[in-house]
There are 2 protein chains.
Amino acid sequence: MKNNKEIVHCFVDYGFKRIGGKYKGRILWVLKGGVLRYGELKRAIVGITPKMLTQTLRELEADELVHRKVYLEVPPKVEYALTTTGKELIPFIEQLRSWAKNQMEQKNIT
Amino acid sequence: MKNNKEIVHCFVDYGFKRIGGKYKGRILWVLKGGVLRYGELKRAIVGITPKMLTQTLRELEADELVHRKVYLEVPPKVEYALTTTGKELIPFIEQLRSWAKNQMEQKNIT
DNA sequence: TAATGTACATACTAAAAAGTTACTAATGTT
DNA sequence: AACATTAGTAACTTTTTAGTATGTACATTA
């Protein structure tokens, strides 16, 4: 999800542009639990490919929602954590989540 | 944004699938103010094409977030309104919106 | 008689997002 | 020497989403 150069029409538009995309919400949500390494994220976000994980993390980083810390070791070690701005989004995701939970229970979705 | 048949991985995933897409958030948000006709929506959602407006409204309708009421008149008249489920999303959008507002002000985005 | 208004539909194209497959670096371990 | 480990990359294809351009119905109004 590219969001540079595009015209932002309103706050809602801007907000959705920053958290849109197939995996951003899930990534932010699991990072709510604390710092995670790349491989841990990969296991947590079931179904994501390394390409999409890296790509999405880079977008989140550029967007200052996630912080990336590289350890100069071999084998490599990279840790990801929410930034302050990223943490501010958690209540919002939580609200969507509880709405979704409700909906899924009502609709009996497996 | 198609979301049938796909695997839903968690509540967050499900939630984002239901409100994802370029215009859904904005449409729900303007409908918060009350019932709107097709043409009014078109004017409210600046930049949307009739194709995308219709398509998105149909998705929202199929998803039971928006209700569509057709008057059998000529020229045609169709009204759109939030359903109960749709209204339940408003606080959530409001939260994203206020986060976005904050961000935009901090970053001095026009 | 022709234009106007309204809510679309249809066919097609372009752009964006996501997926697939294969590959790398450098050290420690067997 | 071969192998495992970790966090990715690169090139390419497919799928999905969005945009463009044009057309339709039909009562009312000019």
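The sequence lines fix the lettering, A, B, ..., with proteins before strands; numbering per chain opens at 1. What you see is a predicted model; the values in this text were computed from it and never measured.
- Counting only heavy atoms from C-beta outward, the side chains of His67(B) and Lys69(B) approach each other to under 4.5 Å.
- Rounded to an integer number of Å, the gap from Lys17(A) NZ to dA16(C) P is 12 Å.
- Taking atom CG of Leu53(B) as the reference point, atom C1' of dT6(C) lies 13 Å away to the nearest angstrom.
- Atom P of nucleotide dA7(C) and atom CG of Leu41(B) are separated by 10 Å, given to the nearest angstrom.
- OP1 or OP2 of dA27(D) has not a single side-chain nitrogen or oxygen of Tyr71(B) nearer than 4.0 Å.
- In this entry the distance linking CD of Glu61(B) with C1' of dA7(C) reads 14 Å, nearest Å.
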Exercise for the section: Starting from the C-alpha separation in whole Å, work towards a yes-or-no answer on side-chain hydrogen bond (donor to acceptor under 3.5 Å, both in side chains) for Glu79(B) and Tyr71(B). Expected result: CA-CA 8 Å; Glu79(B) 285 180 347; Tyr71(B) 293 83; 2.9 Å; yes
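- Looking at Ile27(A) and Leu60(A), their side chains come closer than 4.5 Å, going by heavy atoms from C-beta outward.
- If you measure from atom CD of Gln55(B) to atom P of dT17(D), you get 9 Å, rounded to the nearest angstrom.
- For Lys101(B), the NZ atom is loosely surrounded, since the number of other residues' heavy atoms within 6.0 Å does not exceed 12.
- We find that NZ of Lys69(B) is positioned 15 Å from P of dC8(C), with the value rounded to whole Å.
- Classification of the Phe16(B)-Phe92(A) ring pair by plane angle, with boundaries at 30° and 60°, yields perpendicular.
- Using a cutoff of 4.0 Å between basic side-chain nitrogens and carboxylate oxygens, Arg18(A) and Glu64(A) are not scored as salt-bridged.
- Atoms CG (Leu36(B)) and P (dA7(C)) sit 11 Å apart, rounded to a whole Å.
- Straight-line distance from the CE atom of Met52(A) to the C1' atom of dT20(C): 13 Å, rounded to whole Å.
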Exercise for the section: Between protein and nucleotides 2-11 of chain D, map the contacts as a letter string: B base, S sugar-phosphate only, - none, heavy atoms under 4.0 Å, written 5' to 3'. Expected result: ---BBSBS--
